[in-house]
Protein chains: 2
Amino acid sequence: MMDSSPPLRQGSPAKRAAIVGAALQVFLREGYARTSVDAIAASAGVSKRTIYDYYGDKEQLFLSTLKDTQSAQTAAFQRLLERTLGHVDDIEAALTAFGREFATEIARSAERAAVMRLMIAEASHFPALLEPTPENHSVQHALADRLAELDKQGLLDTPDPMEAAEFLGLLVTGRVNHRTWYGAVPLGDAEIARLVEGGIRIFLRAYRADA
Amino acid sequence: MMDSSPPLRQGSPAKRAAIVGAALQVFLREGYARTSVDAIAASAGVSKRTIYDYYGDKEQLFLSTLKDTQSAQTAAFQRLLERTLGHVDDIEAALTAFGREFATEIARSAERAAVMRLMIAEASHFPALLEPTPENHSVQHALADRLAELDKQGLLDTPDPMEAAEFLGLLVTGRVNHRTWYGAVPLGDAEIARLVEGGIRIFLRAYRADA
DNA sequence: AGTCAACTACACTGCACGGTGTAGTTTATG
DNA sequence: CATAAACTACACCGTGCAGTGTAGTTGACT
(Lines give C-alpha, C1' and ligand atoms only; values in the text may rest on other atoms or scores of the structure.)
Protein backbone atom coordinates (compact mmCIF):
# COMPACT_ATOMS: atom_id res chain seq x y z
CA MET A 1 0.00 0.00 0.00
CA MET A 2 2.50 2.63 -1.07
CA ASP A 3 1.37 5.86 -2.62
CA SER A 4 2.62 6.62 -6.07
CA SER A 5 5.19 8.96 -4.53
CA PRO A 6 4.90 12.20 -6.54
CA PRO A 7 3.87 14.71 -3.89
CA LEU A 8 6.92 15.05 -1.70
CA ARG A 9 5.41 18.27 -0.50
CA GLN A 10 1.78 19.07 -0.22
CA GLY A 11 2.29 22.70 -1.04
CA SER A 12 0.36 25.87 -0.41
CA PRO A 13 -2.56 26.96 -2.57
CA ALA A 14 -1.03 30.40 -3.00
CA LYS A 15 2.16 28.99 -4.49
CA ARG A 16 0.23 26.61 -6.68
CA ALA A 17 -1.74 29.56 -8.00
CA ALA A 18 1.40 31.55 -8.67
CA ILE A 19 2.97 28.68 -10.54
CA VAL A 20 -0.09 27.87 -12.59
CA GLY A 21 -0.61 31.55 -13.38
CA ALA A 22 2.91 31.98 -14.62
CA ALA A 23 2.81 28.67 -16.46
CA LEU A 24 -0.35 29.62 -18.30
CA GLN A 25 1.08 32.93 -19.35
CA VAL A 26 4.28 31.44 -20.72
CA PHE A 27 2.65 28.41 -22.32
CA LEU A 28 0.15 30.63 -24.10
CA ARG A 29 2.86 32.91 -25.38
CA GLU A 30 5.44 30.32 -26.37
CA GLY A 31 3.64 27.02 -26.83
CA TYR A 32 4.55 23.84 -25.04
CA ALA A 33 7.82 22.87 -26.65
CA ARG A 34 9.36 26.31 -26.59
CA THR A 35 8.51 26.90 -22.96
CA SER A 36 11.25 26.17 -20.44
CA VAL A 37 10.44 25.29 -16.89
CA ASP A 38 13.13 27.74 -15.83
CA ALA A 39 11.21 30.55 -17.49
CA ILE A 40 8.06 29.59 -15.64
CA ALA A 41 9.92 29.40 -12.35
CA ALA A 42 11.44 32.83 -12.86
CA SER A 43 8.11 34.34 -13.87
CA ALA A 44 6.39 32.79 -10.86
CA GLY A 45 9.10 33.90 -8.46
CA VAL A 46 9.67 30.35 -7.38
CA SER A 47 12.56 27.94 -7.61
CA LYS A 48 12.54 25.34 -10.31
CA ARG A 49 12.88 22.67 -7.67
CA THR A 50 9.59 23.66 -6.13
CA ILE A 51 7.81 23.26 -9.44
CA TYR A 52 9.19 19.76 -9.86
CA ASP A 53 8.27 18.87 -6.31
CA TYR A 54 4.76 20.12 -6.93
CA TYR A 55 4.04 18.74 -10.36
CA GLY A 56 6.54 16.02 -11.12
CA ASP A 57 7.34 17.01 -14.65
CA LYS A 58 6.63 19.53 -17.36
CA GLU A 59 3.81 17.55 -18.89
CA GLN A 60 1.87 17.28 -15.64
CA LEU A 61 2.34 20.98 -15.03
CA PHE A 62 1.00 21.66 -18.50
CA LEU A 63 -2.04 19.46 -18.07
CA SER A 64 -2.81 20.81 -14.61
CA THR A 65 -2.53 24.35 -15.88
CA LEU A 66 -4.95 23.74 -18.70
CA LYS A 67 -7.36 21.91 -16.46
CA ASP A 68 -7.47 24.75 -13.95
CA THR A 69 -7.88 27.31 -16.69
CA GLN A 70 -10.68 25.41 -18.30
CA SER A 71 -12.54 25.19 -15.02
CA ALA A 72 -12.28 28.91 -14.51
CA GLN A 73 -13.40 29.67 -18.03
CA THR A 74 -16.33 27.31 -17.78
CA ALA A 75 -17.52 29.00 -14.62
CA ALA A 76 -17.15 32.42 -16.20
CA PHE A 77 -19.14 31.31 -19.19
CA GLN A 78 -21.95 29.95 -17.06
CA ARG A 79 -22.18 33.28 -15.30
CA LEU A 80 -22.18 35.13 -18.60
CA LEU A 81 -24.93 32.90 -19.84
CA GLU A 82 -27.09 33.53 -16.84
CA ARG A 83 -26.44 37.24 -17.04
CA THR A 84 -27.33 37.69 -20.69
CA LEU A 85 -29.84 34.95 -21.44
CA GLY A 86 -31.37 34.46 -18.03
CA HIS A 87 -34.62 36.28 -18.67
CA VAL A 88 -35.28 37.30 -22.21
CA ASP A 89 -37.90 39.60 -23.67
CA ASP A 90 -36.30 40.89 -26.84
CA ILE A 91 -34.59 37.93 -28.46
CA GLU A 92 -32.40 39.94 -30.78
CA ALA A 93 -31.22 42.29 -28.08
CA ALA A 94 -30.55 39.40 -25.76
CA LEU A 95 -28.50 37.41 -28.24
CA THR A 96 -26.59 40.50 -29.27
CA ALA A 97 -25.81 41.21 -25.64
CA PHE A 98 -24.65 37.64 -25.26
CA GLY A 99 -22.45 37.87 -28.33
CA ARG A 100 -21.09 41.23 -27.38
CA GLU A 101 -20.13 40.23 -23.86
CA PHE A 102 -18.61 37.08 -25.16
CA ALA A 103 -16.62 38.97 -27.73
CA THR A 104 -15.35 41.63 -25.37
CA GLU A 105 -14.24 38.88 -23.05
CA ILE A 106 -12.28 37.47 -25.96
CA ALA A 107 -10.95 40.83 -26.99
CA ARG A 108 -9.96 42.05 -23.55
CA SER A 109 -7.91 39.21 -22.30
CA ALA A 110 -7.34 37.25 -25.47
CA GLU A 111 -6.98 34.39 -23.04
CA ARG A 112 -9.90 32.31 -24.14
CA ALA A 113 -8.87 32.27 -27.77
CA ALA A 114 -5.25 31.70 -26.84
CA VAL A 115 -6.20 28.66 -24.81
CA MET A 116 -8.06 27.31 -27.79
CA ARG A 117 -5.01 27.97 -29.92
CA LEU A 118 -2.77 26.14 -27.52
CA MET A 119 -5.10 23.19 -27.28
CA ILE A 120 -5.43 22.93 -31.03
CA ALA A 121 -1.68 23.04 -31.33
CA GLU A 122 -1.00 20.41 -28.69
CA ALA A 123 -4.06 18.19 -28.90
CA SER A 124 -2.37 15.49 -30.94
CA HIS A 125 0.57 15.30 -28.56
CA PHE A 126 -1.47 15.01 -25.38
CA PRO A 127 -4.32 12.55 -25.77
CA ALA A 128 -5.61 13.66 -22.39
CA LEU A 129 -6.66 16.91 -24.02
CA LEU A 130 -8.79 15.12 -26.56
CA GLU A 131 -11.14 13.47 -24.12
CA PRO A 132 -14.25 15.61 -23.90
CA THR A 133 -14.44 16.81 -20.33
CA PRO A 134 -17.76 16.92 -18.52
CA GLU A 135 -17.17 20.64 -18.17
CA ASN A 136 -16.86 21.18 -21.86
CA HIS A 137 -20.03 19.27 -22.39
CA SER A 138 -21.88 21.16 -19.72
CA VAL A 139 -21.14 24.44 -21.46
CA GLN A 140 -22.75 23.28 -24.67
CA HIS A 141 -25.59 21.88 -22.67
CA ALA A 142 -26.21 25.02 -20.69
CA LEU A 143 -26.41 27.08 -23.83
CA ALA A 144 -28.70 24.51 -25.43
CA ASP A 145 -30.95 24.65 -22.39
CA ARG A 146 -31.26 28.38 -22.73
CA LEU A 147 -32.11 28.05 -26.40
CA ALA A 148 -34.69 25.37 -25.65
CA GLU A 149 -36.23 27.72 -23.16
CA LEU A 150 -36.40 30.45 -25.78
CA ASP A 151 -37.96 27.97 -28.14
CA LYS A 152 -40.62 27.18 -25.59
CA GLN A 153 -41.28 30.89 -25.21
CA GLY A 154 -41.93 31.04 -28.93
CA LEU A 155 -38.97 33.33 -29.59
CA LEU A 156 -36.90 30.81 -31.45
CA ASP A 157 -37.56 27.74 -33.51
CA THR A 158 -34.83 25.32 -32.50
CA PRO A 159 -35.99 21.72 -32.97
CA ASP A 160 -32.47 20.50 -32.06
CA PRO A 161 -31.17 22.80 -29.35
CA MET A 162 -27.78 21.10 -29.07
CA GLU A 163 -27.14 21.64 -32.74
CA ALA A 164 -28.38 25.20 -32.54
CA ALA A 165 -26.05 25.85 -29.61
CA GLU A 166 -23.16 24.58 -31.66
CA PHE A 167 -24.05 26.87 -34.53
CA LEU A 168 -24.54 29.85 -32.28
CA GLY A 169 -21.09 29.39 -30.78
CA LEU A 170 -19.63 28.90 -34.21
CA LEU A 171 -21.32 31.91 -35.74
CA VAL A 172 -20.44 34.23 -32.89
CA THR A 173 -16.79 33.29 -32.47
CA GLY A 174 -15.83 31.63 -35.73
CA ARG A 175 -14.98 34.60 -37.85
CA VAL A 176 -13.18 36.39 -35.05
CA ASN A 177 -11.04 33.38 -34.26
CA HIS A 178 -10.34 32.82 -37.91
CA ARG A 179 -9.22 36.37 -38.56
CA THR A 180 -7.10 36.65 -35.46
CA TRP A 181 -5.59 33.19 -35.72
CA TYR A 182 -7.15 32.45 -32.38
CA GLY A 183 -5.89 35.55 -30.72
CA ALA A 184 -2.46 35.71 -32.30
CA VAL A 185 -3.20 38.99 -34.01
CA PRO A 186 -5.16 41.87 -32.47
CA LEU A 187 -8.46 43.12 -33.76
CA GLY A 188 -10.24 46.38 -33.03
CA ASP A 189 -13.25 46.31 -30.75
CA ALA A 190 -15.46 47.79 -33.43
CA GLU A 191 -14.45 45.12 -35.91
CA ILE A 192 -15.10 42.39 -33.36
CA ALA A 193 -18.53 43.81 -32.64
CA ARG A 194 -19.30 43.89 -36.36
CA LEU A 195 -18.28 40.26 -36.82
CA VAL A 196 -20.25 39.12 -33.80
CA GLU A 197 -23.37 40.96 -34.85
CA GLY A 198 -23.10 39.50 -38.32
CA GLY A 199 -23.02 36.06 -36.83
CA ILE A 200 -26.03 36.72 -34.66
CA ARG A 201 -27.87 38.00 -37.71
CA ILE A 202 -27.30 34.75 -39.56
CA PHE A 203 -28.29 32.73 -36.52
CA LEU A 204 -31.54 34.62 -36.23
CA ARG A 205 -32.32 34.29 -39.89
CA ALA A 206 -31.93 30.56 -39.52
CA TYR A 207 -33.61 30.07 -36.16
CA ARG A 208 -36.03 32.87 -35.44
CA ALA A 209 -39.57 31.67 -34.91
CA ASP A 210 -41.74 32.47 -37.91
CA ALA A 211 -43.72 34.99 -35.93
CA MET B 1 26.40 43.75 -56.25
CA MET B 2 26.91 40.48 -54.46
CA ASP B 3 24.07 38.06 -54.07
CA SER B 4 23.02 37.25 -50.57
CA SER B 5 24.86 33.95 -50.85
CA PRO B 6 22.37 31.33 -49.66
CA PRO B 7 22.05 29.09 -52.71
CA LEU B 8 25.36 27.33 -52.93
CA ARG B 9 23.58 24.83 -55.11
CA GLN B 10 20.69 25.43 -57.39
CA GLY B 11 19.26 22.00 -56.84
CA SER B 12 16.94 19.76 -58.79
CA PRO B 13 13.15 20.13 -58.69
CA ALA B 14 12.76 16.43 -57.89
CA LYS B 15 14.89 16.70 -54.77
CA ARG B 16 13.17 19.89 -53.72
CA ALA B 17 9.86 18.09 -54.02
CA ALA B 18 11.10 15.14 -51.99
CA ILE B 19 12.38 17.42 -49.27
CA VAL B 20 9.27 19.56 -49.12
CA GLY B 21 7.06 16.49 -49.13
CA ALA B 22 8.89 14.90 -46.24
CA ALA B 23 9.07 18.19 -44.40
CA LEU B 24 5.35 18.75 -44.68
CA GLN B 25 4.59 15.29 -43.41
CA VAL B 26 6.83 15.61 -40.37
CA PHE B 27 5.90 19.20 -39.56
CA LEU B 28 2.22 18.33 -39.69
CA ARG B 29 2.68 15.36 -37.42
CA GLU B 30 5.10 16.88 -34.91
CA GLY B 31 4.75 20.63 -35.11
CA TYR B 32 7.62 23.00 -35.76
CA ALA B 33 9.59 22.84 -32.55
CA ARG B 34 9.45 19.08 -32.15
CA THR B 35 10.54 18.43 -35.72
CA SER B 36 14.23 17.78 -36.24
CA VAL B 37 15.87 18.46 -39.54
CA ASP B 38 17.52 15.06 -39.25
CA ALA B 39 14.12 13.42 -39.21
CA ILE B 40 13.10 15.26 -42.36
CA ALA B 41 16.35 14.34 -44.07
CA ALA B 42 15.91 10.67 -43.21
CA SER B 43 12.30 10.68 -44.34
CA ALA B 44 13.20 12.38 -47.60
CA GLY B 45 16.11 10.05 -48.26
CA VAL B 46 18.48 12.97 -48.44
CA SER B 47 21.43 14.10 -46.41
CA LYS B 48 20.95 16.83 -43.87
CA ARG B 49 23.64 18.82 -45.59
CA THR B 50 21.63 18.97 -48.77
CA ILE B 51 18.68 20.42 -46.93
CA TYR B 52 20.82 23.14 -45.45
CA ASP B 53 22.37 23.87 -48.83
CA TYR B 54 18.91 24.16 -50.33
CA TYR B 55 17.07 26.09 -47.69
CA GLY B 56 19.59 27.74 -45.42
CA ASP B 57 17.92 26.96 -42.14
CA LYS B 58 14.96 25.25 -40.55
CA GLU B 59 12.79 28.32 -40.58
CA GLN B 60 13.16 28.89 -44.32
CA LEU B 61 12.43 25.25 -44.98
CA PHE B 62 9.31 25.57 -42.89
CA LEU B 63 8.08 28.68 -44.64
CA SER B 64 8.84 27.31 -48.09
CA THR B 65 7.02 24.12 -47.27
CA LEU B 66 3.92 25.94 -46.16
CA LYS B 67 4.00 28.27 -49.12
CA ASP B 68 4.19 25.40 -51.60
CA THR B 69 1.43 23.55 -49.83
CA GLN B 70 -0.80 26.55 -49.76
CA SER B 71 -0.36 27.07 -53.49
CA ALA B 72 -1.32 23.49 -54.20
CA GLN B 73 -4.34 23.65 -51.94
CA THR B 74 -5.51 26.89 -53.46
CA ALA B 75 -5.33 25.43 -56.93
CA ALA B 76 -7.22 22.33 -55.81
CA PHE B 77 -9.89 24.47 -54.25
CA GLN B 78 -10.35 26.53 -57.38
CA ARG B 79 -10.86 23.35 -59.37
CA LEU B 80 -13.34 22.04 -56.83
CA LEU B 81 -15.22 25.29 -57.00
CA GLU B 82 -15.48 25.19 -60.76
CA ARG B 83 -16.52 21.55 -60.67
CA THR B 84 -19.33 21.91 -58.14
CA LEU B 85 -20.55 25.47 -58.54
CA GLY B 86 -19.70 26.09 -62.17
CA HIS B 87 -23.19 25.74 -63.59
CA VAL B 88 -25.98 25.46 -61.09
CA ASP B 89 -29.59 24.52 -61.53
CA ASP B 90 -30.59 23.09 -58.18
CA ILE B 91 -29.04 25.34 -55.57
CA GLU B 92 -29.41 22.95 -52.67
CA ALA B 93 -27.95 20.02 -54.60
CA ALA B 94 -25.08 22.16 -55.83
CA LEU B 95 -24.14 23.49 -52.42
CA THR B 96 -24.42 20.05 -50.91
CA ALA B 97 -22.14 18.69 -53.60
CA PHE B 98 -19.72 21.47 -52.87
CA GLY B 99 -19.77 20.79 -49.15
CA ARG B 100 -19.53 17.07 -49.61
CA GLU B 101 -16.55 17.20 -51.92
CA PHE B 102 -14.89 19.68 -49.66
CA ALA B 103 -15.51 17.49 -46.65
CA THR B 104 -14.28 14.29 -48.24
CA GLU B 105 -11.16 16.12 -49.26
CA ILE B 106 -10.72 17.02 -45.63
CA ALA B 107 -11.56 13.54 -44.44
CA ARG B 108 -9.43 11.65 -46.93
CA SER B 109 -6.14 13.36 -46.54
CA ALA B 110 -6.66 15.29 -43.35
CA GLU B 111 -4.01 17.48 -44.84
CA ARG B 112 -6.00 20.63 -45.26
CA ALA B 113 -7.15 20.68 -41.67
CA ALA B 114 -3.72 19.73 -40.43
CA VAL B 115 -2.19 22.64 -42.29
CA MET B 116 -4.66 24.94 -40.63
CA ARG B 117 -3.76 23.43 -37.29
CA LEU B 118 -0.09 23.96 -37.90
CA MET B 119 -0.58 27.53 -39.01
CA ILE B 120 -2.74 28.34 -36.01
CA ALA B 121 -0.12 26.84 -33.76
CA GLU B 122 2.82 28.70 -35.29
CA ALA B 123 1.24 31.90 -36.49
CA SER B 124 2.46 33.96 -33.57
CA HIS B 125 6.02 32.75 -33.96
CA PHE B 126 6.30 33.42 -37.69
CA PRO B 127 4.87 36.80 -38.60
CA ALA B 128 5.29 35.88 -42.26
CA LEU B 129 2.38 33.50 -41.83
CA LEU B 130 0.11 36.26 -40.65
CA GLU B 131 0.28 38.37 -43.76
CA PRO B 132 -2.74 37.56 -45.86
CA THR B 133 -1.44 36.11 -49.10
CA PRO B 134 -3.01 37.05 -52.41
CA GLU B 135 -3.80 33.37 -52.82
CA ASN B 136 -5.77 33.19 -49.64
CA HIS B 137 -7.69 36.23 -50.67
CA SER B 138 -8.38 34.87 -54.12
CA VAL B 139 -10.02 31.79 -52.62
CA GLN B 140 -12.51 33.85 -50.68
CA HIS B 141 -13.04 35.98 -53.73
CA ALA B 142 -13.64 33.08 -56.08
CA LEU B 143 -16.26 31.66 -53.78
CA ALA B 144 -17.85 35.06 -53.37
CA ASP B 145 -17.97 35.44 -57.16
CA ARG B 146 -19.82 32.17 -57.47
CA LEU B 147 -22.30 33.24 -54.84
CA ALA B 148 -22.81 36.58 -56.52
CA GLU B 149 -23.56 34.71 -59.71
CA LEU B 150 -26.12 32.59 -57.92
CA ASP B 151 -27.61 35.74 -56.50
CA LYS B 152 -27.93 37.15 -59.99
CA GLN B 153 -29.69 33.96 -61.07
CA GLY B 154 -32.20 34.51 -58.33
CA LEU B 155 -31.22 31.37 -56.45
CA LEU B 156 -29.68 33.10 -53.48
CA ASP B 157 -30.10 36.42 -51.74
CA THR B 158 -26.58 37.49 -50.86
CA PRO B 159 -26.34 41.26 -50.67
CA ASP B 160 -22.75 40.97 -49.41
CA PRO B 161 -21.17 38.04 -51.25
CA MET B 162 -17.82 38.27 -49.47
CA GLU B 163 -19.50 37.97 -46.10
CA ALA B 164 -21.69 35.16 -47.37
CA ALA B 165 -18.62 33.32 -48.63
CA GLU B 166 -17.05 33.62 -45.22
CA PHE B 167 -20.13 32.21 -43.57
CA LEU B 168 -20.43 29.39 -46.06
CA GLY B 169 -16.86 28.32 -45.40
CA LEU B 170 -17.40 28.61 -41.69
CA LEU B 171 -20.66 26.68 -41.67
CA VAL B 172 -19.34 23.88 -43.84
CA THR B 173 -16.00 23.30 -42.13
CA GLY B 174 -16.41 24.85 -38.71
CA ARG B 175 -18.03 22.03 -36.81
CA VAL B 176 -15.84 19.38 -38.40
CA ASN B 177 -12.69 21.24 -37.57
CA HIS B 178 -13.90 21.94 -34.07
CA ARG B 179 -14.75 18.33 -33.34
CA THR B 180 -11.59 16.89 -34.81
CA TRP B 181 -9.30 19.51 -33.38
CA TYR B 182 -8.39 20.42 -36.92
CA GLY B 183 -7.72 16.89 -37.98
CA ALA B 184 -6.04 15.62 -34.86
CA VAL B 185 -8.77 13.09 -34.18
CA PRO B 186 -10.51 11.02 -36.86
CA LEU B 187 -14.18 11.28 -37.71
CA GLY B 188 -16.35 8.88 -39.66
CA ASP B 189 -17.37 9.81 -43.18
CA ALA B 190 -21.04 9.61 -42.29
CA GLU B 191 -20.60 11.97 -39.37
CA ILE B 192 -18.69 14.41 -41.53
CA ALA B 193 -21.42 14.33 -44.15
CA ARG B 194 -24.02 14.99 -41.47
CA LEU B 195 -22.13 17.99 -40.12
CA VAL B 196 -21.55 19.42 -43.56
CA GLU B 197 -25.16 19.05 -44.57
CA GLY B 198 -26.27 20.68 -41.36
CA GLY B 199 -24.09 23.65 -42.17
CA ILE B 200 -25.46 23.92 -45.68
CA ARG B 201 -28.96 23.79 -44.25
CA ILE B 202 -28.28 26.78 -42.04
CA PHE B 203 -26.63 28.65 -44.86
CA LEU B 204 -29.64 28.13 -47.07
CA ARG B 205 -32.06 29.13 -44.37
CA ALA B 206 -30.16 32.38 -44.05
CA TYR B 207 -29.44 33.10 -47.69
CA ARG B 208 -31.93 31.36 -49.92
CA ALA B 209 -33.86 33.74 -52.13
CA ASP B 210 -37.40 34.20 -50.86
CA ALA B 211 -38.78 32.50 -53.94
C1' DA C 1 15.36 26.75 22.08
C1' DG C 2 14.51 22.88 19.15
C1' DT C 3 12.40 20.47 15.40
C1' DC C 4 10.65 19.73 11.00
C1' DA C 5 8.85 20.84 6.58
C1' DA C 6 8.97 24.17 2.90
C1' DC C 7 11.80 26.49 0.10
C1' DT C 8 15.86 28.47 -2.51
C1' DA C 9 20.21 28.49 -4.79
C1' DC C 10 23.09 26.20 -7.47
C1' DA C 11 25.75 22.89 -9.45
C1' DC C 12 25.52 19.12 -12.40
C1' DT C 13 24.18 15.20 -15.85
C1' DG C 14 22.55 13.72 -20.04
C1' DC C 15 20.66 14.43 -24.24
C1' DA C 16 18.67 16.24 -28.36
C1' DC C 17 19.21 19.18 -31.86
C1' DG C 18 20.61 23.28 -35.11
C1' DG C 19 24.09 24.18 -37.83
C1' DT C 20 28.99 23.64 -39.96
C1' DG C 21 33.14 21.64 -42.11
C1' DT C 22 35.09 18.37 -44.95
C1' DA C 23 36.67 14.37 -47.34
C1' DG C 24 35.16 11.26 -50.43
C1' DT C 25 31.70 9.39 -53.86
C1' DT C 26 28.36 9.76 -57.45
C1' DT C 27 26.47 11.86 -61.62
C1' DA C 28 26.03 14.78 -65.45
C1' DT C 29 28.29 16.97 -69.24
C1' DG C 30 31.39 18.42 -72.73
C1' DC D 1 38.01 10.51 -70.24
C1' DA D 2 38.18 14.70 -67.59
C1' DT D 3 36.22 18.13 -64.93
C1' DA D 4 33.02 20.14 -62.04
C1' DA D 5 28.97 20.19 -59.55
C1' DA D 6 25.80 17.62 -56.68
C1' DC D 7 25.50 14.79 -53.06
C1' DT D 8 26.43 11.71 -48.92
C1' DA D 9 28.46 10.31 -44.68
C1' DC D 10 30.13 11.63 -40.65
C1' DA D 11 32.40 13.94 -37.21
C1' DC D 12 31.98 17.85 -34.62
C1' DC D 13 30.62 22.24 -31.80
C1' DG D 14 27.65 24.89 -28.99
C1' DT D 15 23.62 25.44 -26.65
C1' DG D 16 19.43 25.05 -24.40
C1' DC D 17 16.87 22.48 -21.52
C1' DA D 18 14.49 18.54 -18.61
C1' DG D 19 15.28 16.72 -14.56
C1' DT D 20 18.13 15.57 -10.12
C1' DG D 21 20.87 16.04 -5.88
C1' DT D 22 22.05 18.59 -2.06
C1' DA D 23 23.42 21.92 1.26
C1' DG D 24 21.79 25.66 3.46
C1' DT D 25 18.01 29.10 4.82
C1' DT D 26 13.53 30.46 6.42
C1' DG D 27 9.60 30.13 9.22
C1' DA D 28 5.98 27.95 11.82
C1' DC D 29 4.73 25.22 15.60
C1' DT D 30 5.66 23.17 20.27
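Per chain, numbering begins at 1; letters A, B, ... match sequence-line order.
- Although no hydrogens or angles enter the test, the distance criterion places no donor-acceptor pair under 3.5 Å between the side chain of R34(A) and the main chain of A33(B).
- With sequence neighbours left out, R205(A) forms a side chain to side chain contact (heavy atoms under 4.5 Å, CB included) with R201(A), I202(A), A206(B), Y207(B).
- Side-chain N/O atoms of T50(B) include one lying less than 4.0 angstrom from OP1 or OP2 on dT8(D).
- Per the geometry, NZ belonging to K15(B) stands 8 Å off C1' belonging to dA6(D), to the nearest Å.
- One atom, CD of Q60(B), and another, C1' of dG18(C), lie 15 Å apart when rounded to the nearest Å.
- Contact annotation: Y54(B) reaches the phosphate of dC7(D) (side-chain N/O to OP1 or OP2, under 4.0 Å).
- Residues I19(A) and Y55(A) are in side-chain contact: their nearest non-hydrogen atoms beyond the backbone lie under 4.5 Å apart.
- Atoms OH (Y55(B)) and P (dC7(D)) sit 11 Å apart, rounded to a whole Å.
- The cationic atom of K58(B) (NZ for Lys, CZ for Arg) does not lie both less than 6.0 Å from the six-membered ring centre of F27(B) and within 45° of the ring axis.
- Residues that satisfy the side chain to side chain contact (heavy atoms under 4.5 Å, CB included) test with S71(B), not counting sequence neighbours, are E135(B).
- Listed by first and then second residue, the ring pair (Phe, Tyr, Trp, His ring centres under 6.0 Å) pairs involving residues 160-186 of chain A amount to none (not counting sequence neighbours).
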For this session: List the steps and the verdict of side-chain contact (heavy atoms from CB on, under 4.5 Å) for M116(B) and N177(B).
Result: CA-CA 9 Å; M116(B) 283 285 303; N177(B) 285 334; 5.5 Å; no
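- Residues forming a ring pair (Phe, Tyr, Trp, His ring centres under 6.0 Å) with H141(A) (at least two apart in sequence, or on another chain): H137(A).
- Every stem involving DNA chain C, taken as at least 3 paired positions in a row under the Watson-Crick or G-U wobble test at 3.5 Å, is listed here: C:1-30 with D:1-30.
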Seminar exercise, completed: Given protein heavy atoms under 4.0 Å, the one-letter contact record of nucleotides 10-30 of chain D, with B base, S sugar-phosphate only and - none, is simply -------SSBBBB--------
